[in-house]
K.L.:
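The structure's right below; bear with me while I get my questions together.
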Amino acid sequence: MYINTVSHYLPSQVIGNEYFTKLNNLSDEWIVARTGISERRRASPEENTATMAIQAVDTLLENIPYSKNEIDLIVGATYTPYDTIVTLAHAVQHHLQIPDIPVVTISSACSSLLNAIEIVEGYFAMGKASKALVVVSDHNTAYNNEQDTVSGHLWGDGASALLISKERQTKTDMHIKKLITGGAATSGRAIEAVVLRPNDRGVIMPYGRDVFQNACIYMPKVSQQVIQACNLTIDDLDYLIPHQANHRISLNVINTLGIPAEKLLSNIQYLGNTGCAGCAIALSENRDKFKAGENIVITVFGGGYSYGAMLVTV
């Protein structure tokens, strides 16, 4: 599989840590020390999960190597849906006006990006599609409880879109060489550590330490697995893009793997935790700096728990 092009969308409103200082008496120093976050983006009242995704798709279409009408699969991913019937992928299909193609939306919390790409891999393998649009979008601020002093300050909003083909389309395509995902609901406090139960209240994280510990176990482990599956070593890795949950987690991951800090790509400092869109946004933000032949690993960990890693060669 090949990533033909990637884009992202971020809301314009910036929420700095001073907002939470006034709201919850949490200092900027306290938030930065524990999360690495200085600011995050918040969607406007006129925006939602679907509109942000559509904005990312429109940006993607400005640099598409073939007609949008050749897209024969749309996969959406989100755990913060605007509509649970007219799903994220269906909203995108309606916007693009591409009829009669497979359209599906999935959620595995913050791991949803890689599970969405894995669905594409399956459709390609079965010969049911050859050019897919993957859209990831999370509107965390529509669900979170800002007054929650444990996790209310973590969340940001954003979306990303990736055009993926079964065969190479241009010489600048990024080659998806290996993708591994897994569920870890049997580990620790997986099914209660971080939850979003709309009928009760917003996102809560009663066992944040358990999330931290398991993320620091699973992301390095699966990253090693995907690298070894491609007959490479850590020294062959040029960049690592981990799920943007907590900068301390990211630093722990690269320390475990023995990767220098300059190979870590991170946006949580100025975007907050943008959910399943975070890694794709980072890939889009840094696309122009990647050089031919470089190896990039994207690794994710989501509540529930779920995890995965993907190795991409430029």
Side-chain angles (χ1 to χ4, degrees), residues 3-15 39-71 73-99 101 103-107 110 112-114 116-117 120 131-144 155-165 174 241 243-244 265 267-288 298 300:
I3 300 173
N4 311 133
T5 185
V6 57
S7 67
H8 67 280
Y9 171 77
L10 299 169
S12 60
Q13 186 178 13
V14 177
I15 305 297
E39 58 188 36
R40 69 286 290 150
R41 299 294 183 97
R42 177 193 287 167
S44 72
E46 293 75 32
E47 294 180 307
N48 57 57
T49 301
T51 65
M52 290 191 293
I54 288 169
Q55 290 274 12
V57 169
D58 283 345
T59 300
L60 187 83
L61 294 179
E62 295 173 4
N63 190 34
I64 188 172
Y66 40 82
S67 169
K68 72 178 181 66
N69 295 317
E70 293 185 46
I71 295 171
L73 170 66
I74 299 174
V75 182
T78 183
Y79 59 85
T80 56
Y82 171 67
D83 191 324
T84 59
I85 294 177
V86 182
T87 75
L88 174 62
H90 291 92
V92 170
Q93 182 193 26
H94 176 76
H95 177 71
L96 293 176
Q97 288 295 293
I98 305 174
I101 64 171
V103 173
V104 61
T105 299
I106 61 102
S107 174
C110 293
S112 301
L113 167 67
L114 295 194
I117 296 175
V120 171
K131 295 182 177 72
L133 175 63
V134 171
V135 185
V136 284
S137 180
D138 271 316
H139 188 185
N140 289 301
T141 65
Y143 285 85
N144 77 316
W155 308 102
D157 302 327
S160 182
L162 304 91
L163 197 61
I164 300 175
S165 62
M174 293 184 284
I241 304 177
H243 166 50
Q244 305 295 303
L265 297 182
N267 58 27
I268 190 172
Q269 298 94 324
Y270 54 91
L271 295 183
N273 184 342
T274 48
C276 70
C279 286
I281 292 170
L283 185 69
S284 176
E285 288 178 317
N286 291 280
R287 179 64 186 95
D288 291 342
I298 294 174
V300 295

K.L.:
Counting only N and O atoms by type, is there a donor-acceptor contact under 3.5 Å from the side chain of D157 to the main-chain atoms of A43?
P.N.:
yes

K.L.:
Is there a side-chain contact between Q13 and P11 in this structure, where contact means two heavy atoms from C-beta onward sitting under 4.5 Å apart?
P.N.:
no

K.L.:
Between I98 and L133, does the side chain to side chain contact (heavy atoms under 4.5 Å, CB included) criterion hold? Intermediate values first, please.
P.N.:
CA-CA 12 Å; I98 305 174; L133 175 63; over 6 Å; no

K.L.:
Quick check: do T141 and I15 have side-chain heavy atoms less than 4.5 Å from each other?
P.N.:
no

K.L.:
Within the structure provided, determine whether I3 and I117 are in side-chain contact (heavy-atom separation under 4.5 Å).
P.N.:
no

K.L.:
So does A89 get a backbone contact from the side chain of T105, meaning a donor-acceptor N/O pair under 3.5 Å?
P.N.:
yes

K.L.:
For the pair Y143 (side chain) and P81 (backbone), establish whether a donor and an acceptor sit closer than 3.5 Å, ignoring hydrogens and angles.
P.N.:
yes

K.L.:
If you define the side chain from C-beta out and look only at heavy atoms, does anything of T78 sit under 4.5 Å from S112?
P.N.:
no

K.L.:
Would you confirm whether R41, through its side chain, and G156, through its main-chain N or O, come within 3.5 Å as a donor-acceptor pair?
P.N.:
no

K.L.:
Is there a donor in the side chain of T59 and an acceptor in the side chain of S7, or the other way round, less than 3.5 Å apart?
P.N.:
no

K.L.:
Within a strict 4.5 Å, meaning less than it, do heavy atoms of the H139 and E47 side chains meet?
P.N.:
no

K.L.:
Quick one: CE on M52 to CG on L88, what's the gap to the nearest 0.5 Å?
P.N.:
9.5 Å

K.L.:
As a quick check of understanding, evaluate side chain to side chain contact (heavy atoms under 4.5 Å, CB included) for L73 and I164, giving each step before the final call.
P.N.:
CA-CA 10 Å; L73 170 66; I164 300 175; over 6 Å; no

K.L.:
In the structure I gave you, are the side-chain heavy atoms of D83 and N48 within less than 4.5 Å of one another anywhere?
P.N.:
no

K.L.:
What's the separation between atom NE2 in H95 and atom CD in Q55, rounded to the nearest 0.5 Å?
P.N.:
8.0 Å

K.L.:
Taking all heavy atoms of A77 and all of C276, pick out the closest pair and write down the distance.
P.N.:
O-SG, 3.5 Å

K.L.:
Can you confirm whether H94 is buried at NE2, in the sense that more than 12 heavy atoms of other residues, nucleotides or ligands lie under 6.0 Å from that atom?
P.N.:
no

K.L.:
Looking only at the side chains, is there a donor atom on one of T80 and D138 sitting less than 3.5 Å from an acceptor on the other?
P.N.:
yes

K.L.:
To the nearest 0.5 Å, what is the distance between CG (L60) and OG (S284)?
P.N.:
8.5 Å

K.L.:
Between CG of L163 and OH of Y66, what distance do you get to the nearest 0.5 Å?
P.N.:
3.0 Å

K.L.:
What are the two closest non-hydrogen atoms of S165 and N4, and how far apart are they?
P.N.:
OG-ND2, 2.9 Å

K.L.:
Can you tell which of V6, V120, V135 makes a side-chain contact (heavy atoms from CB on, under 4.5 Å) with L162?
P.N.:
V6

K.L.:
With a 4.5 Å cut-off on side-chain heavy atoms, are E285 and L271 touching?
P.N.:
yes

K.L.:
How long is the span from the CD1 atom in I268 to the CD1 atom in I281, to the nearest 0.5 Å?
P.N.:
11.5 Å

K.L.:
Is Q244 reaching over with its side chain to a backbone N or O of C279, donor-acceptor style, under 3.5 angstrom?
P.N.:
no

K.L.:
Which pair of heavy atoms, one from Y79 and one from G275, lies closest together, and at what distance?
P.N.:
OH-CA, 3.3 Å

K.L.:
Please check if the side chain of K68 supplies one atom and the backbone of L61 the other of a donor-acceptor pair under 3.5 Å.
P.N.:
no

K.L.:
Working to the nearest 0.5 angstrom, can you tell me the gap between S137 OG and Y82 OH?
P.N.:
13.0 Å

K.L.:
Measure the shortest side-chain to side-chain distance between L283 and M174 over non-hydrogen atoms and say whether it is less than 4.5 angstrom.
P.N.:
yes

